[in-house]
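These numbers were taken from a predicted model, which means no experiment stands behind them. For ligands, and for the atoms within them, numbers begin at 1 and follow the listed sequence. What's counted below: heavy atoms across the whole structure, side chains too, no hydrogens, waters or symmetry copies.
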Amino acid sequence: VLAEILTTGTELVRGDLVDTNSSFVAARLTERGFVVSRFATVGDDRGRIVDALRAAGGRADVVVVTGGLGPTTDDLTAACAATAVGVPLVRHTPSLDAIRRRFEAIGIPMTANNEKQADFPDGADVLPNARGTAPGFAMTIGRARFFFLPGVPSEMKHMLESEVFARLPAAEAAPTVLRLRVFGMAEAAIDAALAGVEDAYPGVVLGYRATFPEVEVKVQATAPTREAAQAIAMKCFAVVRERLGRHVVAEGESSLPRALGEALRAKKWTLAVAESCTGGLVGALLTDVPGSSDYFLLGVVAYANEAKEGLLGVPRETLEAHGAVSRETAIAMAAGVRARAGATIGVATTGIAGPGGGTPDKPVGLVHLAVAGPNGVVHKERTWRGDRDRVRRLAAHAALFEVLERCREAS
Ligand code: ATP
């Protein structure tokens with residue numbers, strides 16, 4: 001079943017507003033087994049909207065249109081849909097009453113413009129909007145069934161589920177989608193590691209999406225029945241997981257910080273963090289996860305040498321002999337924060353995020369990570385290319401990854 005998405009709005013074509021509606025609708029349609037073949041966006045212009053409706057109606061089976069249902073003069077969608085098939089607009093009394101009641105309830109006078117929102121192409125099926133004033137509608141143009149929804153994302157999302165999908169059953173061949181997240185491998189390396197997997201599992205398509213600094217890998221399986229698709233997806237997923245090995249940090253909707261939280265909670269371990277170059281990013285990633293107080297005890301941003309010495313107990317001689325960005329300082333920071341918090345694990349970051357501050361010995365992008373735990377200390381030295389933001393985010397995730405590795409080793 002071929003689907004197209006049409007978004008309308010002059011703000012969109014001028015670049016004032018990013019079209020997030022199309023990607024949301026496309027993802028939901030794809031999950032339900034539709035093949036989305038085209039996105040189109042047109043400004044608030046009668047001629048262009050009518051042309052776009054007729055063109056999509058000549059190609060697709062299903063078209064979802066968003067925007068232009070409001071009360072203002074640039075809201076033209078219903079009139080254009082009527083023109084596209086040559087029917088008049090007719091006033092829908094139940095919708096007019098519903099709009100009137102909504103205005104009464106919020107105590108704002110209703111204007112003649114608002115009445116326009118109850119006008120629909122003759123013969124259209126009106127779709128109630130529980131979250132706003134403008135109802136949507138469904139009708140056939142050419143060979144396609146069209147669903148017209150408001151532009152406001154929260155209203156559109158709600159109506160897509162409650163109205164559109166109620167009228168549009170999922171295809172029996174809806175794909176099964178299984179996801180995992182990878183850290184520490186570039187997309188090209190993942191692609192190379194998974195060479196041949198699609199050929200070995202007919203019906204499977206692999207997808208990659210960079211959600212920096214993690215990469216999401218999607219196993220999408222299509223088969224004549226849902227059960228068959230699930231079976232292939234699960235077999236293929238196991239192979240993908242094995243090939244990517246320890247770089248797989250999370251599955252499903254989870255992410256590295258969530259997966260680490262689950263691992264720490266399962267072991268009843270606690271964590272303390274000493275950060276220099278990451279400036280609190282590690283703590284922020286950890287505390288983004290609800291319930292992180294179960295395992296995250298303390299985070300210290302020790303930027304100055306005096307703070308590293310005074311708060312974390314890094315010996316002055318270590319700082320003088322090796323510098324703040326060194327293996328020795330990272331280890332002393334991790335051990336220091338672990339001891340001060342009384343945590344199972346202490347992790348530390350210290351590095352040169354740039355753009356300045358690099359030397360031939362210690363270039364921009366150099367980061368030392370250390371994890372102190374019940375089985376001793378692990379140190380990692382990395383040099384990442386890229387700007388300050390990239391280096392810091394990679395370092396913060398790498399610190400969490402190293403802690404996850406210690407949890408895995410101990411299980
Ligand atoms: P309303 O009845 O609330 O006026 P509408 O159907 O007339 O809804 P528009 O006027 O086209 O919708 O858009 C309303 C608002 O919704 C826009 O100002 C914008 O904030 C948001 N919006 C519209 N289209 C999109 C889109 N494609 N992606 C993301 N946001 C959008």
With only distance considered, is Asp75 within less than 3.5 Å of ligand 1 through an N or O on each side?
-> yes
To the nearest 0.5 angstrom, please state how far the CD atom of Glu216 sits from the CD atom of Glu253.
-> 7.0 Å
Lys/Arg cation over aromatic Phe165: Arg32, 6.0 Å, 45° cone | yes
Close-contact set for ligand 1 against Gly67 heavy atoms, below 4.0 Å | 6 (O), 11 (O), 12 (O)
Leu69-ligand 1 polar pair, N/O distance under 3.5 Å = yes
If you have a sec, work out which protein heavy atom is nearest atom 27 (N) of ligand 1 and how many Å separate them, to one decimal?
-> Asp19 OD1, 2.8 Å
Of all the non-hydrogen atoms in the protein, which one sits nearest to atom 30 (N) of ligand 1, and at what distance?
-> Pro153 CG, 3.6 Å
Is it the case that more than 12 heavy atoms not belonging to Glu242 sit under 6.0 Å from its CD atom?
-> no
Residue pair Gln117, Leu69: steps toward the side chain to side chain contact (heavy atoms under 4.5 Å, CB included) verdict = CA-CA 7 Å; Gln117 292 179 293; Leu69 301 182; 5.7 Å; no
Please determine, by modelled atom types, if Thr278 and Glu275 share a side-chain donor-acceptor pair under 3.5 angstrom.
-> yes
Any chance CZ of Arg131 has more than 12 other-residue heavy atoms, nucleotides or ligands included, within less than 6.0 Å?
-> no
Partner of Val325 under side-chain contact (heavy atoms from CB on, under 4.5 Å), chosen from Asp361, Thr359, Leu366 | Leu366
Do any N/O atoms on Leu17 end up under 3.5 angstrom from N/O atoms on ligand 1?
-> no
The protein heavy atom nearest to atom 12 (O) of ligand 1 is Gly151 N, 3.2 Å
Establish, yes or no, whether the cationic atom of Lys235 lies under 6.0 Å from the six-membered ring centre of Tyr201 and within 45° of the ring axis.
-> no
Shortest protein heavy-atom distance from atom 7 (O) of ligand 1, along with the residue and atom involved | Gly70 N, 2.8 Å
Within the structure, does Thr133 bring an N/O atom to less than 3.5 angstrom of an N/O atom in ligand 1?
-> no
Rounded distance [0.5 Å steps], CD1 in Ile141 versus CE in Met139 = 4.5 Å
Does Gly9 come within less than 4.0 Å of ligand 1, judged by its heavy atoms?
-> no
For Gly68, is the nearest heavy atom under 4.0 Å from an atom of ligand 1?
-> yes
Counting heavy atoms only, which part of Leu12 comes closer than 4.0 Å to ligand 1: side chain, backbone, both or neither?
-> side chain
What protein heavy atom sits nearest atom 25 (C) of ligand 1, and how far off is it?
-> Asn21 ND2, 3.2 Å
Quick note on ligand 1: atoms under 4.0 Å from a heavy atom of Ala134 include exactly 2 (O)
Ligand 1 contacted by Glu11 (non-hydrogen, < 4.0 Å) | yes
Evaluate the ring planes of Phe120 and Phe137, with Trp represented by its six-membered ring, and classify them as parallel (under 30°), tilted (30 to 60°) or perpendicular (over 60°).
-> perpendicular
Non-hydrogen atoms of Val18 versus ligand 1: any pair closer than 4.0 Å?
-> yes
Atom 28 (N) of ligand 1 [closest protein heavy-atom partner, distance rounded to 0.1 Å] = Thr20 N, 3.1 Å
Under 3.5 Å, N or O to N or O, is Thr7 touching ligand 1 that way?
-> no
Point-to-point distance, once rounded to the nearest 0.5 Å, from CH2 of Trp269 to CZ of Arg406 = 9.0 Å
At what distance is the nearest protein heavy atom to atom 15 (C) of ligand 1, and which residue and atom is it?
-> Val152 CG2, 4.0 Å
The atoms of ligand 1 lying under 4.0 Å from a heavy atom of Pro150, numbered in the order shown, are 6 (O)
Establish, from distance only, whether the side-chain atoms of Lys308 and Thr329 form a donor-acceptor pair under 3.5 Å.
-> no
